[in-house]
Amino acid sequence: MRTLIFAATDPAGLEQAATALRRGELVAFPTDTVYGVGCDPRNAKAISRLYVAKQRPDGMAIPVLLASAEAAGKVARCLPQGFRQLAARFWPGGLTIVVSRQSSVPPVLCAGGDTIAVRLPDHPVPRALAQALGGCLAATSANRSGDPPAVDAEAARQALEGQVAVLLDGGHSPLGVASSVVDLTSVPPRVLRAGQTPFAELVACVPGLVPGDR
């Protein structure tokens, strides 16, 4: 497959990317954290292609980027205590929240588990792509599993050349640091990955939150 490269600000490129996603193909794009690669979260075959392109272990679930905070309801079975507080404080931005998944979500997206990770990015491109798919975009970092995340389009191209139909070039990632991940389905709620959001700010929203290594 030849990867088509467009500027992320090019409306024609954005439309090409949206069309490719609807066809079940993969697209790479800039976000507010690092470059991402994504697909239609309702298309099990596309999700399987994403695992192959990333060389991602089957047991590692794939998160979902949202077009709006309200779109979380499209994939979440329920929004647990603390969700609205975290979303109001840190979205859009570098915080991923783990919630219970709806039964309609393809199990392959969640590695067969009952939870799903969602985030509202502070970047117009992934939000527009998610909107083109009805509000949600299955997405993970645009690198091979185990390699450093791609922080610019060239790094994403080198990692995924021929695996993605479209690459949207948005220059260097503004932050270059992955999102923090908070699991609200565990008891007590837990930080699974330290990232952009300081723990002290997270626990101020969710009393009882514990670090992942505890």
*Under the side chain to side chain contact (heavy atoms under 4.5 Å, CB included) rule, what do L95 and L86 come out as? Steps first, then yes or no, please.*
CA-CA 8 Å; L95 176 65; L86 289 173; 4.0 Å; yes
_Trace of the salt bridge (Lys or Arg N to Asp or Glu O under 4.0 Å) decision for R22 with E15_ = CA-CA 11 Å; R22 296 188 194 103; E15 183 54 38; 3.6 Å; yes
*Begin from the C-alpha positions of R42 and S104 and carry the test side-chain hydrogen bond (donor to acceptor under 3.5 Å, both in side chains) through to its verdict.*
CA-CA 8 Å; R42 299 162 299 184; S104 59; over 6 Å; no
*Hey, mind stepping through I62 and R56 against side chain to side chain contact (heavy atoms under 4.5 Å, CB included) and telling me if it holds?*
CA-CA 9 Å; I62 293 173; R56 189 176 179 88; 3.8 Å; yes
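In this structure, the side chain of R101 engages the main chain of G113 through a donor-acceptor pair within 3.5 Å. A side-chain donor-acceptor contact under 3.5 Å links R144 to the backbone of A159. Judged by distance alone, with hydrogens and angles left aside, the side-chain atoms of Q102 form a donor-acceptor pair with the main-chain N or O of G73 at under 3.5 Å. Without hydrogens or angle criteria, S100 side chain to T115 main chain gives no donor-acceptor distance under 3.5 Å. At distances below 3.5 Å, not a single donor-acceptor pair connects side-chain atoms of Y35 with backbone N or O atoms of E154.
L79 and A72 make their closest contact through CD2-CB, 4.3 Å (heavy atoms, listed as atom of the first residue, atom of the second, distance). For the residue pair A7 and L168, the shortest heavy atom distance occurs at O-CD2, 4.4 Å. Looking at every heavy atom in both residues, S180 comes nearest to T197 through OG-N, 2.9 Å. The shortest heavy-atom contact between L160 and A53 is CD2-O, 3.7 Å. Contact detail for F29 and L65: the closest heavy-atom pair is CE1-CD1, 4.0 Å. The minimum heavy-atom distance linking A17 with V27 is given by the pair O-CG2, 3.5 Å.
Taking a 6.0 Å sphere around CZ of R193, one finds it holds more than 12 heavy atoms contributed by other residues, nucleotides or ligands. Sparse packing is recorded around CD of Q81, with 12 or fewer heavy atoms of other residues, nucleotides or ligands lying under 6.0 Å away.
Here the straight-line distance linking atom CD of E161 with atom CZ of R2 works out to 9.5 Å at 0.5 Å rounding. Between the CG atom in L137 and the CG atom in L66 there is a gap of 9.5 Å [rounded to 0.5 Å]. Of the inter-residue distances, the one linking L167 atom CG with T3 atom OG1 reads 7.0 Å to the nearest 0.5 angstrom. Considering OG of S68 and NZ of K74, their distance stands at 8.0 Å, rounded to 0.5 Å.
Within the 4.5 Å cutoff, the side chain of P121 has no heavy atoms near those of the T33 side chain. Between E201 and F90, some side-chain heavy-atom pair lies under the 4.5 Å cut-off. The shortest distance between side-chain heavy atoms of V34 and N143 does not fall below 4.5 Å. The shortest distance between side-chain heavy atoms of V75 and P41 does not fall below 4.5 Å. Contact check for R127 versus D122: side-chain heavy atoms found under the 4.5 Å cut-off. Within the 4.5 Å cutoff, the side chain of K54 has no heavy atoms near those of the M60 side chain. Side-chain contact between R89 and L202 is absent, with no heavy-atom pair separated by less than 4.5 Å.
Under a hydrophobic-cluster definition in which Ile, Leu, Val, Met, Phe, Trp and Tyr are linked whenever side-chain heavy atoms come within less than 4.5 Å, directly or via other members, Y51 and I116 are assigned to the same cluster. Under the 4.5 Å side-chain contact rule for hydrophobic residues, F199 and F83 share a cluster. Tracing side-chain contacts under 4.5 Å through hydrophobic residues (I, L, V, M, F, W, Y), one never reaches V64 starting from L133; they form parts of separate clusters. Each of V98 and L209 belongs to its own hydrophobic cluster when Ile, Leu, Val, Met, Phe, Trp and Tyr are linked at side-chain heavy-atom distances under 4.5 angstrom. A chain of hydrophobic side-chain contacts below 4.5 Å, direct or via other Ile, Leu, Val, Met, Phe, Trp or Tyr residues, connects V118 to V37.
A salt bridge links R119 with D32: at least one charged nitrogen is closer than 4.0 Å to a carboxylate oxygen.
For the 3.5 Å distance criterion, the side chains of S179 and T96 qualify, holding a donor opposite an acceptor.
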